[in-house]
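Since the structure comes first, as structure tokens, the remarks are kept for the end.
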Amino acid sequence: MARIVCVHGVGKQQAGEQTLLGQWVPALRDGLTRAGGRARVADTEVAMAFYGDLFLPPGQRLDGDEPHLGWWDVSPGWETELLMEWWSHAAAAEPQIVAPDAQNLLSGTSRTVQAALLALSQSRFFAGLAEKALISDLKQTHRYLTDLELRTRARDRVRALIGPDTSVVVAHSLGSVVAYEALCAQAGHSVRSFVTLGSPLGIRNLIFDRMDPVPVSGIGAWPGPFSTTWTNVADARDVVALVKDLRPCFGPRIVCHLVANGSQAHDATHYLTKEVTGAALAIGLG
């Protein structure tokens with residue numbers, strides 16, 4: 001079993017374990033170096049809990065084409081609400097983006113979705129991300145929360161890699177939701193440090209209140225024994241991590257940090273290279 005288990009985020013269905021480890025491990029080591037450089041991690045000590053293939057249609061190859069997606073595929077309700085949250089957050093962080101107004105909100109779901117996608121296309125955060133990919137990421141997150149079989153299989157991928165020697169779980173984006181639920185379900189695990197990067201866990205109603213286990217009196221369960229530390233790292237302009245401070249949702253023991261990832265605010269490797277991330281990893285490896 002690996003000392004460090006990594007859990008990727010959305011949009012990685014065309015990748016695989018080794019591809020992602022090739023990107024994550026050097027960045028992870030850079031973060032440890034920024035934090036003091038005492039901990040050393042061998043390639044064999046790091047594993048990637050890959051679940052991206054679960055989002056592929058049956059029978060589709062890993063190198064197959066993605067189905068075409070357009071604004072008409074964004075469903076009313078949850079998907080439209082999260083899209084609007086992204087738009088509002090992006091507009092607050094980037095002055096070139098026109099913020100949603102009453103006219104947009106009252107113009108009907110289809111026009112609201114189109115306006116939101118047009119506005120987000122001007123965002124530096126979504127630079128280089130095609131509309132199809134943005135919609136795909138949105139729908140992947142929704143599907144994880146509503147497809148019980150897929151949700152269980154994704155969590156099982158994480159749990160299968162966590163053993164007595166696993167001391168760190170580091171998770172990015174949607175992967176932080178998968179990892180959180182997996183740790184909560186695996187009683188008695190020995191993970192010393194849980195690290196979440198660009199996490200959407202704090203978005204109430206849309207994500208937080210749909211967690212398993214369900215929050216009690218507005219507070220989510222702690223993902224392990226009392227000895228498990230939890231560090232959450234977010235970029236101020238990361239649209240996916242809408243809520244930067246998770247303490248109101250999960251309690252005051254979470255250590256929360258804001259970092260600057262540049263134009264690629266949500267990039268996993270940019271998060272991993274940060275000193276605060278390396279320090280959180282070092283707690284578990286200590």
Side-chain angles (χ1 to χ4, degrees), residues 1-9 12 15-50 157-180 182-183 186 189-199 201 223-225 227-238 240-241 244-246 250 253-286:
M1 296 294 178
R3 289 178 71 196
I4 302 176
V5 171
C6 305
V7 191
H8 66 84
K12 304 302 180 185
E17 298 89 337
Q18 298 308 312
T19 301
L20 293 170
L21 284 173
Q23 300 164 2
W24 280 48
V25 173
L28 184 152
R29 287 177 176 147
D30 284 342
L32 288 170
T33 299
R34 300 287 83 73
R38 294 183 178 181
R40 294 290 182 268
V41 178
D43 289 350
T44 55
E45 294 180 304
V46 188
M48 177 65 68
F50 182 68
R157 298 274 180 94
V158 178
R159 296 175 63 186
L161 294 177
I162 297 176
D165 295 331
T166 305
S167 57
V168 176
V169 172
V170 54
H172 176 242
S173 187
L174 175 60
S176 67
V177 179
V178 183
Y180 169 81
L183 288 174
Q186 192 159 339
H189 67 71
S190 58
V191 173
R192 296 175 59 191
S193 180
F194 180 39
V195 185
T196 50
L197 311 172
S199 174
L201 274 166
S227 58
T228 300
T229 65
W230 184 354
T231 303
N232 184 66
V233 185
D235 183 289
R237 295 191 299 115
D238 187 341
V240 174
K244 319 299 179 184
D245 188 351
L246 297 186
F250 297 97
R253 292 181 56 209
I254 299 179
V255 179
C256 298
H257 295 279
L258 278 179
V259 297
N261 287 338
S263 61
Q264 295 178 298
H266 190 59
D267 188 271
T269 59
H270 288 205
Y271 274 119
L272 287 165
T273 59
K274 297 298 183 290
E275 179 182 351
V276 293
T277 304
L281 296 172
I283 290 173
L285 298 173

Under 3.5 Å donor-acceptor, Thr166 side chain and Val191 backbone
no
Please report the closest heavy-atom contact between Asn261 and Ala265, naming both atoms and the distance.
ND2-O, 2.9 Å
Test item: Arg157 side-chain N/O and Val7 main-chain N/O as donor-acceptor pair under 3.5 Å
no
Got Asp238 and Lys244 here, is their nearest side-chain heavy-atom distance under 4.5 Å?
yes
Side chain to side chain contact (heavy atoms under 4.5 Å, CB included) filter on Ala282, not counting sequence neighbours, yields Leu32
Does anything in residues 27-37 pair up under salt bridge (Lys or Arg N to Asp or Glu O under 4.0 Å), and if so which pairs, sequence neighbours excluded?
Arg29-Asp43
Could you tell me which residues satisfy side chain to side chain donor-acceptor pair (under 3.5 Å) with His189, sequence neighbours excluded, listed by chain and number?
none
Given side-chain contact (heavy atoms from CB on, under 4.5 Å), test Val168 with Leu285 step by step and report yes or no.
CA-CA 7 Å; Val168 176; Leu285 298 173; 4.2 Å; yes
Which residue pairs satisfy the salt bridge (Lys or Arg N to Asp or Glu O under 4.0 Å) criterion with at least one member in residues 258-278, sequence neighbours excluded?
none
Side chain of Gln186, backbone of Ile162: donor and acceptor closer than 3.5 Å?
yes
Full working for side-chain contact (heavy atoms from CB on, under 4.5 Å) between Val25 and Val41
CA-CA 9 Å; Val25 173; Val41 178; 5.7 Å; no
Under the ring-ring contact (aromatic ring centres under 6.0 Å, His included) test, residues paired with Phe194 that sit two or more places apart:
Trp230
Taking all atoms of both residues into account, what is the closest heavy-atom pair of Leu161 and Ala47, and its distance?
CD1-CB, 4.0 Å
Minimum heavy-atom separation for Gly198 to Val240, with atom names?
O-CG1, 3.8 Å
Search all heavy atoms of Ala35 against all heavy atoms of Gly278 and return the closest pair with its distance.
CB-C, 3.6 Å
Closest non-hydrogen atom pair between Cys6 and Leu28, with its separation
SG-CD1, 4.4 Å
Using atom types as modelled and distance alone, determine if a side-chain donor or acceptor of Tyr271 lies under 3.5 Å from a backbone N or O of Val259.
no
Minimal heavy-atom distance between Ala179 and Val158, with the atoms involved, is CA-CG1, 4.5 Å
Across all chains, not counting sequence neighbours, the ring-ring contact (aromatic ring centres under 6.0 Å, His included) partners of His8 are Phe50, Tyr51
Could you check Val255 against Thr229 for side-chain contact (heavy atoms from CB on, under 4.5 Å), going step by step and ending with a plain yes or no?
CA-CA 8 Å; Val255 179; Thr229 65; over 6 Å; no
Using the side chain to side chain contact (heavy atoms under 4.5 Å, CB included) criterion, which residues pair with Ser190? Sequence neighbours excluded.
none
In this structure, NE2 of His172 is separated from OG1 of Thr277 (nearest 0.5 Å) by 10.5 Å
Suppose we screen for side chain to side chain contact (heavy atoms under 4.5 Å, CB included). Which residues come up paired with Ala260, at least two apart in sequence or across chains?
none
Just verifying a value: how many Å separate Glu45 CD and Ile4 CD1, rounded to the nearest 0.5 Å?
7.5 Å
Would you call Ser193 and Leu281 a side-chain contact if the rule is heavy atoms closer than 4.5 Å?
no
Residues forming a side chain to side chain contact (heavy atoms under 4.5 Å, CB included) with Ser176, sequence neighbours excluded:
Ala171, Thr196, Ser199, Pro200, Leu201
With sequence neighbours excluded, residues passing salt bridge (Lys or Arg N to Asp or Glu O under 4.0 Å) with Arg192
none
Side chains of Thr231 and His257: do they bring a donor and an acceptor to under 3.5 Å?
no
Main-chain N/O of Thr44 paired to Arg3 side chain as donor or acceptor, under 3.5 Å
no
What's the spacing between Gln264 CD and Arg237 CZ if we round to 0.5 Å?
11.0 Å
